[in-house]
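Below, chain A is the first sequence line, B the second, and so on; all start at residue 1. Predicted, not measured: the structure shown is a model, and the values here were computed from it.
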Amino acid sequence: MTALHRAFYARDPREVAPELLNKLLEHDGRSGRIVEVEAYVGRQDPASHAYRGPTKRNATMFGPPGHLYVYLSYGMHWCANVTCGDGLAVLLRALSPVAGIEAMRAARSAASRDRDLASGPGKLTQALGITGVLDGADLVEPDRGVCLVSDGTPPPDVVVRTPRIGITAAAEHEWRFYVPGDPNVSRPLIPRVRP
DNA sequence: CCGCCGATCTTT
DNA sequence: AAGATCGGCGGG
């Protein structure tokens, strides 16, 4: 494990998550700036895939940190996480497109505006061409064409924090983080509570 | 703009 | 049977 991997290792994903904001995710000539993430706190988090311990699906979450955990959501959308070791992970929820935008438009025919290209966890994998074959890829010392880098832009001084989207268990925790004012964020506001 | 609903398939 | 989602459709 390198020093860069150690930046993720066994660290609380609630700390790692805001630090990932403004980093770049690159794949296949396309890249986007990370503008929205959520922390999943492993065995102690009922909303995490790792809550019940290691399984075939979540094996990558229990592998080395700084790797990509990809899973199929609702039978049709791929979602991507950065692993932090020991079942801990950060879900990548939205990107601001930076390079390869034409390729993203081609991959995202449903997007009528560029702000819809990667404004959700399933959309961003589609925009970058990330699928389950990349599950387990090393993001720090890239081995399969997908990587996480910084272009020197630090995380924002102020980060918006809200409850996580689309979960029912442990919904009370504010473990979603996003860049204020960014038009690519999946849902700018705090999700409404159903009566 | 907002809310509802179906698609699709893996996991429990 | 539910799920870390998305997009099309209808209504306001």
(message) Counting only Watson-Crick pairs (N1-N3 plus N6-O4 or O6-N4) and G-U wobbles (N1-O2, O6-N3), all under 3.5 Å, who is the partner of dT8(B)?
(response) none
(request) Give none if dA4(C) has no partner; otherwise give the nucleotide forming a Watson-Crick or G-U wobble pair with it, both distances under 3.5 Å. (result) none
Proximal nucleotide (of [options]) relative to the [X] side chain:
X         : options                 : answer
Met76(A)  : dC9(B), dG7(C), dT8(B)  : dT8(B)
Pro121(A) : dA4(C), dT12(B), dC6(C) : dC6(C)
His49(A)  : dA4(C), dC9(B), dT12(B) : dA4(C)
Arg108(A) : dT12(B), dG3(C), dG7(C) : dG7(C)
Arg57(A)  : dT11(B), dA4(C), dG7(C) : dT11(B)

(request) Just do the side chain to side chain contact (heavy atoms under 4.5 Å, CB included) check on Met61(A) and Leu88(A) with the steps written out, would you? (result) CA-CA 6 Å; Met61(A) 300 180 92; Leu88(A) 306 168; over 6 Å; no
(message) We want to know whether Asn22(A) and Thr153(A) form a side-chain donor-acceptor pair, criterion being a heavy-atom distance below 3.5 angstrom.
(response) no
(message) Under a 3.5 Å threshold, yes or no: a donor from one side chain and an acceptor from the other, between Glu174(A) and Thr162(A)?
(response) no
Atom-to-atom span, [atom1] of [X] to [atom2] of [N] - whole angstrom:
X         : N       : atom1 : atom2 : value
Arg115(A) : dC6(C)  : CZ    : C1'   : 17 Å
Tyr69(A)  : dT10(B) : OH    : P     : 14 Å
Ile167(A) : dG3(C)  : CD1   : C1'   : 12 Å
Tyr74(A)  : dC5(B)  : OH    : C1'   : 13 Å
Asp116(A) : dG8(C)  : CG    : P     : 10 Å
Asn58(A)  : dG3(C)  : CG    : P     : 17 Å
His77(A)  : dG7(C)  : NE2   : P     : 7 Å
Tyr51(A)  : dG3(C)  : OH    : P     : 14 Å

(message) Counting only heavy atoms not in Arg52(A) (residues, nucleotides, ligands), do more than 12 fall under 6.0 Å from its CZ?
(response) no
(message) So Arg93(A), base contact, sugar-phosphate only, or nothing? Heavy-atom distance under 4.0 Å.
(response) sugar-phosphate
(message) Students often get this wrong, so: under 4.0 angstrom with heavy atoms, is Ala110(A) touching a base, only sugar-phosphate, or nothing?
(response) sugar-phosphate
(message) Does a side-chain N or O of Lys123(A) approach OP1 or OP2 of dG7(C) to a distance below 4.0 Å, or not?
(response) yes
(message) Is the phosphate of dT10(B) approached by Ser73(A) (side-chain N or O, under 4.0 Å from OP1 or OP2)?
(response) no
(request) Map Glu38(A) and Gln126(A) onto DNA chain C by nearest heavy atom, then report which one ends up closer to the 5' terminus. (result) Glu38(A)
(request) Output yes if the stacking criterion (under 5.5 Å between centres, under 30° between planes) is met for Tyr40(A) over the base of dA4(C), else no. (result) yes
(message) Count I, L, V, M, F, W, Y as connected when their side-chain heavy atoms are under 4.5 Å apart, and connections chain through other members. Are Val90(A) and Tyr40(A) then in the same cluster?
(response) no
(request) Go through the steps to decide whether Arg164(A) and Asp45(A) satisfy the test salt bridge (charged side-chain N to carboxylate O under 4.0 Å, His left out), and finish with yes or no. (result) CA-CA 12 Å; Arg164(A) 294 175 293 182; Asp45(A) 179 1; 2.7 Å; yes
